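So that the names make sense, note that chain A is the first sequence line, chain B the second, and so on, each numbered from 1. No experiment lies behind these values; they were computed from the predicted model shown.
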Amino acid sequence: MPRSEEAAAFFHAVYEAILEIPPGRVTTYGHIAMLIGTPQRPRQVGVCLKHLPGDLTQRFNIDTVPWQRVINSKGTISPRSQPAAAQNQATRLEAEGVTVRRDAMGEMSVDFDEYGWFPDVLPSEAAGGGAGNDDADDDDEE
DNA sequence: TTTTTGACGTTAT
DNA sequence: AATAACGCCAAAA
């Protein structure tokens, strides 16, 4: 558990934000960081997920928090020390209807155009390549 | 206690 | 396009 109250509050905010990701959609560590008002700490979002309790009696645990819906900004499942964990994430995503594409180098990616969930994205970003969603509320697009 | 590590992302070369 | 440097900070070593 986090050593300070402030850290605990951060963990809490991260988990709450992740709970908002709709099933069958994905977003990024950076986006979660932005949503909770700390855009400079996407890395800490990863820390929170890494330490997500396996204890199912806790309010936030690996079963109640849809951690699998968080991937990196490249649109790929972040590799970690335990390769099986990434595989597990892919499996959980596929179980909710998300297509995970494996390329030649064992790298697993998800198409943001199809599954990305990015509410509150600034119009300037959306203007770029047609792949954006400037709406704060989206369920279906393209 | 100090140092290193790491489920990241943006900016600068 | 690809690589490096940096900011971030809780945990683990």
When you check the gap from the basic side-chain N to the acidic O, do [X] and [Y] get nearer than 4.0 Å?
X        : Y       : result
A/Arg59  : A/Glu16 : yes
A/Arg25  : A/Glu96 : no
A/Arg102 : A/Glu94 : yes

### Task
Give one of base, sugar-phosphate or nothing for A/Pro39, where a contact means two heavy atoms less than 4.0 Å apart.
nothing
### Task
Would you indicate what A/Thr28 reaches in the nucleic acid, counting non-hydrogen atoms under 4.0 angstrom: base, sugar-phosphate, or nothing?
sugar-phosphate
### Message
For the C1' atoms, the ones on C/dT3 and on B/dA7, what distance do you get once it is rounded to whole angstrom?
### Response
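Those two atoms are separated by 22 Å.
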### Query
How far does the P atom of C/dA10 sit from the matching atom of B/dT1, given to the nearest Å?
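Straight-line distance between the two P atoms is 15 Å.
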### Task
Using chain A heavy atoms and a threshold of under 4.0 Å, write down where along DNA chain B the contacts begin and end, 5' to 3'.
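Under 4.0 Å from chain A, the extent on DNA chain B is B/dG6 to B/dG9.
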### Query
Taking OP1 and OP2 of C/dC9, is either one under 4.0 Å from a side-chain nitrogen or oxygen of A/Arg43?
no
### Query
When you look for runs of 3 or more Watson-Crick or G-U pairs in a row, both distances below 3.5 Å, which of them include DNA chain B?
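Stems (3+ consecutive pairs) listed as B:2-6 with C:9-13, B:8-13 with C:2-7.
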### Query
Aromatic rings A/Phe60 and A/His12: how do their planes relate, parallel, tilted or perpendicular, breaks at 30° and 60°?
perpendicular
### Query
Do the ring planes of A/His51 and A/Phe11 sit parallel (below 30°), tilted (30 to 60°) or perpendicular (above 60°)?
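Geometry flag for A/Phe11 against A/His51: tilted rings.
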### A/Leu49 CG - C/dA10 C1' separation (whole Å)
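Checked: the CG to C1' distance equals 13 Å.
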### Query
A/Gln89 and A/Arg80: side-chain donor and acceptor closer than 3.5 Å?
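There is such a pair (donor and acceptor under 3.5 Å, judged by atom type) between the side chains of A/Gln89 and A/Arg80.
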### Query
When you look at A/Thr99 and A/Tyr115, which way does the side-chain hydrogen bond (donor to acceptor under 3.5 Å, both in side chains) test go after all the steps?
CA-CA 9 Å; A/Thr99 297; A/Tyr115 303 106; 3.1 Å; yes
### Task
Give a yes or no on whether the backbone of A/Trp117 and the side-chain of A/Thr27 come within a donor-acceptor separation of less than 3.5 Å.
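Yes: the side chain of A/Thr27 pairs with the backbone of A/Trp117.
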